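Below: one structure, written as structure tokens.
In this text the structure is predicted, and so the values were computed from the model without any measurement.
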Amino acid sequence: MLPQKMKKAITDNPKQLANLIDLVNLPSTLRDFVGQSQISHLGCFVRVWSYIKTNNLQDPKHKNVVNCDEKLKSILLGKQQVELVELPALIKLHFPKQKK
């Protein structure tokens, strides 16, 4: 069962939801990281997040900061550290612009 806020977001803006779940061809850097040639925005974010959790890349003192290893740097513009709020925007840069 979906929370009320999520139901409202889906019914108010179905195009935005479609953009998150539509499969997209990935550029080579992201394709190498994810291991697939096509994935959705949401699926890509989930893969990156699980990589961060699996490899314990969250800063132990500041949980909202990710310490990037070399593999993660390759898709996050070479940044040494990234705040969690920046992650979606940095990942979105790899996806083609949506037509309006």
Side-chain angles (χ1 to χ4, degrees):
M1 191 129 83
L2 291 173
Q4 194 63 26
K5 284 184 180 180
M6 184 162 290
K7 283 182 187 177
K8 181 170 175 34
I10 291 170
T11 55
D12 287 353
N13 203 349
K15 279 189 175 183
Q16 187 175 12
L17 177 65
N19 289 341
L20 286 176
I21 60 176
D22 283 344
L23 293 180
V24 179
N25 290 325
L26 298 177
S28 61
T29 54
L30 203 54
R31 189 180 318 133
D32 293 340
F33 185 88
V34 173
Q36 288 181 274
S37 62
Q38 288 188 330
I39 197 166
S40 66
H41 284 90
L42 189 57
C44 185
F45 184 78
V46 169
R47 290 279 176 93
V48 171
W49 179 246
S50 67
Y51 179 82
I52 290 167
K53 294 299 276 183
T54 302
N55 293 293
N56 297 319
L57 297 177
Q58 269 186 292
D59 191 305
K61 293 179 183 174
H62 306 285
K63 291 290 187 179
N64 63 335
V65 175
V66 175
N67 297 316
C68 301
D69 63 2
E70 290 304 315
K71 189 173 179 181
L72 197 56
K73 278 185 201 177
S74 70
I75 63 165
L76 299 180
L77 305 177
K79 292 187 172 195
Q80 189 70 33
Q81 286 189 327
V82 175
E83 290 192 26
L84 288 179
V85 296
E86 293 178 87
L87 267 180
L90 291 172
I91 292 169
K92 188 177 179 181
L93 292 174
H94 293 281
F95 286 84
K97 301 272 188 239
Q98 297 294 326
K99 295 178 183 175
K100 291 184 179 183

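Legend: salt bridge (charged side-chain N to carboxylate O under 4.0 Å, His left out) pairs involving residues 65-76, not counting sequence neighbours, sorted by first then second residue: E70-K73.
Going from atom CD of Q58 over to atom CG of N64 covers 8.5 Å, rounded to the nearest 0.5 Å. Remark: L76 CG to L87 CG distance equals 6.0 Å, nearest 0.5 Å. Rounded to the nearest 0.5 angstrom, L77 CG and E86 CD are separated by 9.5 Å. Summarising the geometry, atom OG belonging to S74 is positioned 8.5 Å from atom CG belonging to L30; distances are rounded to the nearest 0.5 Å. The distance from the CG atom of N55 to the CG atom of L72 is 9.0 Å, given to the nearest 0.5 Å.
With sequence neighbours left out, the ring-ring contact (aromatic ring centres under 6.0 Å, His included) criterion links F45 to no other residue. For D59, the side-chain contact (heavy atoms from CB on, under 4.5 Å) partners two or more places apart in sequence, or in a different chain, are K61, H62, V65, N67, Q81.
Nearest approach of P88 to V85, heavy atoms of both residues: CD-O, 3.7 Å. Contact between I91 and C44 at its shortest, heavy atoms only, is CG2-SG, 3.8 Å.
Taking hydrophobic clusters as Ile, Leu, Val, Met, Phe, Trp and Tyr residues chained together by side-chain heavy-atom distances below 4.5 Å, L90 shares a cluster with F33. Hydrophobic clustering, with ILVMFWY side chains joined whenever heavy atoms are under 4.5 angstrom apart, keeps L93 apart from V46.
At least one donor-acceptor pair under 3.5 Å links the side chain of H94 to the backbone N or O of I75.
The closest side-chain donor-acceptor pair between Q36 and R47 falls under 3.5 angstrom.
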